[in-house]
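Report on the following structure.
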Amino acid sequence: MTDATATPLRFAVYASGRGSNFQALLQAWRLGHFDGPVALMPALLIVNKAQAKALEVAAEFGIPSAVIDNQDPALAQTQLGLLADHGIDRIALAGFLRPVPGEVVAAYSDKILNIHPGPLPQFGGHKMYGRHVHQAVLDAKVEFSGPTVHRVDEVYDRGPVIAHQAVKVQPDDSPESLAARVLVVEHELYPRALRWDWGQDPNALTPEMRAGISAS
Ligand code: GRF
């Protein structure tokens with residue numbers, strides 16, 4: 001819960017499915033990890049699939065949610081309207097399988113984060129989501145994978161990386177076994193990345209999580 005004396009930064013989460021990263025953010029919030037002089041407050045869930053499990057997570061935590069229609073001819077305006085109505089200052093993408101409209105990226109320039117389940121830029125881009133990422137990592141026979149958090153710009157998966165945590169690839173890994181180990185680390189990394197990037201705690205990311213990342 002947030003510190004009553006602080007004016008919280010209100011953030012929206014965008015998701016398309018299961019919502020386990022959304023849940024990890026809500027648990028961090030509930031545990032007080034987002035409290036402080038700059039407090040972070042989850043204030044809206046936006047999904048683009050009516051059957052997204054993330055909706056159940058939102059209901060469980062009492063967070064307002066909205067379902068958007070990918071075919072909406074005014075998709076950007078619809079999103080901007082929702083974000084304004086809920087006083088949203090920041091956005092966290094958590095398994096959102098659509099590009100964010102350019103107008104929204106422009107309105108929230110440098111204020112949108114995304115978590116990706118593999119190293120970027122090597123294992124990102126077109127069709128690189130979910131199992132495809134882990135399969136590509138195994139095909140490349142690299143020693144380490146691990147989630148990456150980056151700021152969102154107008155090009156999918158390209159914005160500046162702010163955090164990464166290495167996960168060792170095991171010789172007998174399948175895409176599923178690797179995904180499961182990476183996901184555990186995602187749930188630790190993403191709340192920390194929000195706290196770090198949005199000014200809540202400059203020490204929220206460890207030096208290891210910032211290793212090899214140029215100043216941003
Ligand atoms: C995560 O692996 C995340 O890195 C990627 O999409 C997946 C979403 O999973 N962007 P969940 O819906 O948060 O469980």
Side-chain angles (χ1 to χ4, degrees), residues 11-30 33 40 42 44-61 63 65-68 70 90-100 104-105 112-138 142 144-153 155-169 173-194 196-197 205 209 213:
F11 68 93
V13 174
Y14 279 46
S16 295
R18 176 177 61 181
S20 72
N21 276 288
F22 174 48
Q23 186 168 28
L25 294 175
L26 295 181
Q27 275 162 351
W29 169 65
R30 193 169 262 181
H33 296 173
L40 311 180
L44 177 64
L45 170 73
I46 292 182
V47 299
N48 64 328
K49 293 186 178 180
Q51 69 277 23
K53 285 262 183 287
L55 288 167
E56 295 169 24
V57 178
E60 197 184 311
F61 281 81
I63 305 295
S65 57
V67 182
I68 55 171
N70 297 325
R90 298 284 188 279
I91 299 172
L93 308 183
F96 186 63
L97 296 176
R98 300 284 294 195
V100 177
V104 177
V105 175
I112 309 178
L113 292 177
N114 180 42
I115 186 159
H116 184 76
L120 288 176
Q122 301 95 311
F123 298 101
H126 187 52
K127 293 200 172 156
M128 285 295 248
Y129 61 90
R131 190 181 198 282
H132 303 291
V133 176
H134 305 294
Q135 185 66 63
V137 165
L138 295 179
V142 291
F144 292 99
S145 185
T148 306
V149 179
H150 67 100
R151 295 203 191 105
V152 172
D153 66 13
V155 179
Y156 208 67
D157 285 347
R158 189 202 60 181
V161 168
I162 64 150
H164 173 73
Q165 194 165 345
V167 172
K168 192 156 176 32
V169 179
D173 260 331
S174 62
E176 289 73 24
S177 66
L178 181 56
R181 286 205 315 289
V182 169
L183 191 65
V184 172
V185 177
E186 290 186 40
H187 296 163
E188 166 79 15
L189 184 66
Y190 208 20
R192 286 170 172 267
L194 265 62
W196 184 87
D197 200 47
L205 292 174
M209 291 167 177
I213 297 168

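Atom set for the values below is all heavy atoms of this structure, side chains included, hydrogens, waters and symmetry mates excluded. Quick caveat, the model's predicted, so the values are computed rather than measured. Counting starts at 1 for both ligands and their atoms, following the listed order.
- Put simply, the side chain of S145 never gets that close to the backbone of V137: no donor and acceptor are under 3.5 Å apart.
- Counting protein heavy atoms only, atom 10 (N) of ligand 1 is closest to I115 O, 2.8 Å.
- Going from atom CG of L178 over to atom CD of Q135 covers 10.0 Å, rounded to the nearest 0.5 Å.
- Within ligand 1, counting atoms from 1 as listed, the ones closer than 4.0 Å to a heavy atom of R18 are 9 (O), 11 (P), 12 (O), 14 (O).
- For the pair I213/I162, no side-chain contact is recorded, criterion being any heavy-atom separation below 4.5 Å from C-beta on.
- Checked by distance only, ligand 1 and F22 stay at 3.5 Å or farther apart across all their nitrogen or oxygen atoms.
- Protein heavy atom closest to atom 13 (O) of ligand 1, with residue, atom name and distance, is N21 N, 2.8 Å.
- Of the N or O atoms in S20, one or more lie within a sub-3.5 Å distance of an N or O in ligand 1.
- Contact check on R181 versus D173 returns a salt bridge, with a Lys/Arg side-chain nitrogen under 4.0 Å from an Asp/Glu carboxylate oxygen.
- Among all non-hydrogen protein atoms, the one lying nearest atom 2 (O) of ligand 1 is E186 OE2, 3.0 Å.
- Side-chain contact annotation: S20 with H187, donor-acceptor N/O pair under 3.5 Å present.
- Residues meeting the ring pair (Phe, Tyr, Trp, His ring centres under 6.0 Å) test with Y14, sequence neighbours left out: F96.
- For atom 7 (C) of ligand 1, the closest heavy atom belonging to the protein is G95 CA, 4.1 Å.
- At least one heavy atom of G19 sits under 4.0 Å from some atom of ligand 1.
- Of the heavy atoms in H116, only backbone atoms (N, CA, C, O) come closer than 4.0 Å to ligand 1.
- Polar contact check, A94 against ligand 1: no nitrogen or oxygen pair lies under 3.5 Å apart.
- Residue-environment remark: OH (Y129) stays at or below the threshold of 12 foreign heavy atoms within 6.0 Å.
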